[in-house]
**Student:** 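This is the structure, below, for whatever I ask next.
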Amino acid sequence: MADSSRLQPNIRPLNARIAQQIAASDAKREAARQHYARAHRRRKKQIIFVGLAIAAVFMMQLVFGQVRLHAANKTLTKSENQLVSVQKTNDSLKKESKQLNEENYLKQILRDKYGYSKKNETIYNLPE
């Protein structure tokens, strides 16, 4: 490479003390740059970790919510089936209650269940 003093005669070489200070400041600047780069990478990793943790919590909430919704729907379906069954039973009991107010039906039940008979009537119990 060409001698720089020939190209620019007004530039003087640095004395050794200043050259050492510049080299030391360059080393300090590089160390600071590396320190900030490490800190930046560490903060970036921390932010990503916290973000993933928050996302995981939200995903768990979503999954648990779906599980609870499924359980609630299952319970609702079971309750609706029980309601239909109870309504059918209620309807048949209302019908029977109306029939019990009729005299002929009441006589028929007394004869069938309890073995009452009319005058001069013989009842035979046959095996089924």
Side-chain angles (χ1 to χ4, degrees):
M1 193 163 173
D3 188 15
S4 62
S5 61
R6 279 192 252 154
L7 296 176
Q8 295 178 346
N10 62 346
I11 296 178
R12 296 185 315 219
L14 297 173
N15 63 20
R17 189 175 54 93
I18 294 176
Q20 286 175 349
Q21 287 177 350
I22 290 174
S25 72
D26 285 344
K28 286 180 185 178
R29 192 172 344 138
E30 181 61 25
R33 187 191 66 75
Q34 287 178 354
H35 170 73
Y36 288 123
R38 279 193 306 270
H40 181 70
R41 283 193 303 269
R42 187 176 63 245
R43 285 186 192 124
K44 188 176 178 181
K45 286 179 186 177
Q46 288 173 345
I47 289 171
I48 289 172
F49 176 75
V50 169
L52 287 175
I54 290 172
V57 167
F58 283 130
M59 289 299 291
M60 288 175 57
Q61 289 293 326
L62 181 66
V63 169
F64 288 142
Q66 288 294 325
V67 168
R68 284 191 303 259
L69 179 64
H70 178 69
N73 284 337
K74 192 173 180 180
T75 304
L76 178 64
T77 303
K78 185 177 177 182
S79 297
E80 286 175 345
N81 290 340
Q82 285 178 341
L83 176 65
V84 168
S85 172
V86 168
Q87 284 176 341
K88 285 180 182 178
T89 304
N90 190 25
D91 289 342
S92 70
L93 290 174
K94 282 183 182 179
K95 183 178 177 184
E96 188 175 340
S97 172
K98 285 181 183 177
Q99 288 177 342
L100 285 175
N101 290 331
E102 296 175 10
E103 188 176 328
N104 290 335
Y105 182 74
L106 189 57
K107 285 180 182 178
Q108 182 66 34
I109 288 178
L110 288 173
R111 291 180 68 160
D112 291 342
K113 263 190 177 177
Y114 302 110
Y116 282 88
S117 62
K118 295 179 183 178
K119 288 184 179 178
N120 297 327
E121 183 179 40
T122 307
I123 297 176
Y124 296 101
N125 289 328
L126 300 174
E128 294 181 18

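Index from 1, following the sequence. Atom set for the values below is all heavy atoms of this structure, side chains included, hydrogens, waters and symmetry mates excluded.
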**Student:** Just verifying a value: how many Å separate Q21 CD and D26 CG, rounded to the nearest 0.5 Å?
**Tutor:** 12.0 Å
**Student:** What pairs meet the salt bridge (Lys or Arg N to Asp or Glu O under 4.0 Å) rule with one or both residues in residues 41-50, with sequence neighbours excluded?
**Tutor:** none
**Student:** Closer than 3.5 angstrom, by distance alone: can the side chain of S85 be matched with the main-chain N or O of N81 as a donor-acceptor pair?
**Tutor:** no
**Student:** In the structure I gave you, are the side-chain heavy atoms of Q87 and L83 within less than 4.5 Å of one another anywhere?
**Tutor:** yes
**Student:** In Å and rounded to the nearest 0.5 Å, what is the CD1 to CZ distance from I22 to R29?
**Tutor:** 9.5 Å
**Student:** Any heavy-atom pair between the side chains of F64 and R68 that's under 4.5 Å?
**Tutor:** yes
**Student:** State the OG1-CD distance between T89 and E96, to the nearest 0.5 angstrom.
**Tutor:** 11.5 Å
**Student:** Applying salt bridge (Lys or Arg N to Asp or Glu O under 4.0 Å), can you list everything that pairs with R33, at least two apart in sequence or on another chain?
**Tutor:** E30
**Student:** Looking at Q34, I'd like to know if its CD atom is crowded, meaning that more than 12 non-hydrogen atoms belonging to other residues, nucleotides or ligands lie closer than 6.0 Å.
**Tutor:** yes
**Student:** Quick one: does S97's side chain have a donor or acceptor within less than 3.5 Å of a partner on L93's backbone?
**Tutor:** no
**Student:** For the hydrophobic clusters of this structure (ILVMFWY residues joined by side-chain heavy atoms under 4.5 Å, transitively), does one cluster hold both V67 and L76?
**Tutor:** no
**Student:** Could you tell me if the side chain of K98 sits less than 4.5 Å from the side chain of K94, heavy atoms only?
**Tutor:** no
